[in-house]
Structure formats: C-alpha cells, structure tokens
Amino acid sequence: MEIVQCISCEGYGWFEDESHESIECNWCGGVGYTYRDAAGIDHRIPTADYERVSDQLEQLEAERLRKMGYTGKVKPRW
C-alpha cells in the first residue's frame, strides 16, 4: 500500500471547530496521511507502523509544506 495525504483533512491531521478548538481527524487519526490500497480505498495507518514509515511521513510532510510556500527560512521583515 502507498502512503497518501488524507483527503479529509488535507494533510493537517486536525480540524478547527466553531469555537476554534482543534479536533483530530477521524480518517487519519491525526497523522495527516493514510494507506491507500490497490482498490483506491484509504485506511488509517496503524500505530504499530509509525516507526517503520516515519521517514516517509516526514518526507511527505516536508513536500506538503513546500507546496504551501514554506521554505524553512525566516522571512525578512521588509
């Protein structure tokens, strides 16, 4: 199975309700990513798999942040 960005929370892992409190995404369990099987069905990544897939999750998250414009550098005030 491949790891893909959660389509419910778009990789954030949480939502903000009307009172601005964070609510964990039910689809991915707060990870922001899910397993996608050969039939195209998404499944929550089991906690037992986190250590094994942590490098891949970090790489996917860095790519997601770059797409949003994050460079990892401080933005000049001017």
Side-chain angles (χ1 to χ4, degrees):
M1 286 197 270
E2 70 174 318
I3 298 176
V4 296
Q5 186 174 320
C6 177
I7 61 171
S8 179
C9 67
E10 300 177 332
Y12 287 96
W14 53 272
F15 297 98
E16 197 172 273
D17 66 10
E18 298 81 31
S19 63
H20 302 288
E21 292 197 31
S22 297
I23 300 171
E24 187 176 272
C25 176
N26 289 334
W27 284 34
C28 66
V31 178
Y33 298 87
T34 59
Y35 281 141
R36 181 165 292 157
D37 65 22
I41 299 171
D42 291 354
H43 304 273
R44 187 181 285 196
I45 299 172
T47 306
D49 289 1
Y50 288 169
E51 187 174 340
R52 183 174 54 82
V53 299
S54 65
D55 289 340
Q56 188 176 2
L57 290 172
E58 287 290 330
Q59 184 179 27
L60 289 167
E61 184 64 4
E63 182 180 323
R64 183 180 78 86
L65 291 170
R66 267 194 300 279
K67 285 179 182 176
M68 293 183 343
Y70 178 74
T71 63
K73 296 185 170 118
V74 177
K75 202 174 203 181
R77 290 184 294 172
W78 57 91

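Predicted model, so just to flag it, every value in this text is computed and none were measured. Start at 1 with the first residue, then count along the sequence.
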Side chain proximity check, Arg36 to Met1, heavy atoms < 4.5 angstrom:
no
Examine Arg64 relative to Tyr12 and say whether NZ or CZ is less than 6.0 Å from the centre of the six-membered ring and inside a 45° cone about the ring axis.
yes
With a 3.5 Å distance limit and no angle check, can you tell me whether Gln5 reaches the backbone of Glu10 through a side-chain donor-acceptor pair?
yes
Could you go step by step and tell me if Cys25 and Cys6 meet the side-chain contact (heavy atoms from CB on, under 4.5 Å) rule?
CA-CA 9 Å; Cys25 176; Cys6 177; 3.8 Å; yes
Joint hydrophobic cluster, Met68 plus Trp14, side-chain heavy atoms closer than 4.5 Å:
yes
Nearest heavy-atom contact between Tyr50 and Ile45 is CE2-O, 3.5 Å
Considering non-hydrogen atoms only, spot the tightest contact between Arg44 and Tyr35 and give its length.
O-CD1, 4.3 Å
May I ask you to check whether over 12 heavy atoms, not counting those of Glu51, lie within 6.0 Å of atom CD?
no
Glu16, CD: over 12 other non-hydrogen atoms inside 6.0 angstrom
yes
Does a sphere of radius 6.0 Å around CG in Asp55 hold more than 12 heavy atoms from other residues, nucleotides or ligands, not counting ones at 6.0 Å or beyond?
no
Distance-only polar pair, side chains of Tyr33 and Gln56, donor-acceptor under 3.5 Å
no
In Å, rounded to the nearest 0.5 Å, how long is the span from CD1 of Ile3 to CG of Leu57?
4.5 Å
When you compare the side chain of Thr34 with that of His43, does any pair of heavy atoms fall below 4.5 Å?
no
Can you check whether Trp27 reaches Cys9 side chain to side chain, under 4.5 Å on heavy atoms?
no
Less than 4.5 Å apart, any side-chain heavy atom of Glu2 and any of Val4?
yes
Phe15 with Ile7, same ILVMFWY side-chain cluster at under 4.5 Å:
no
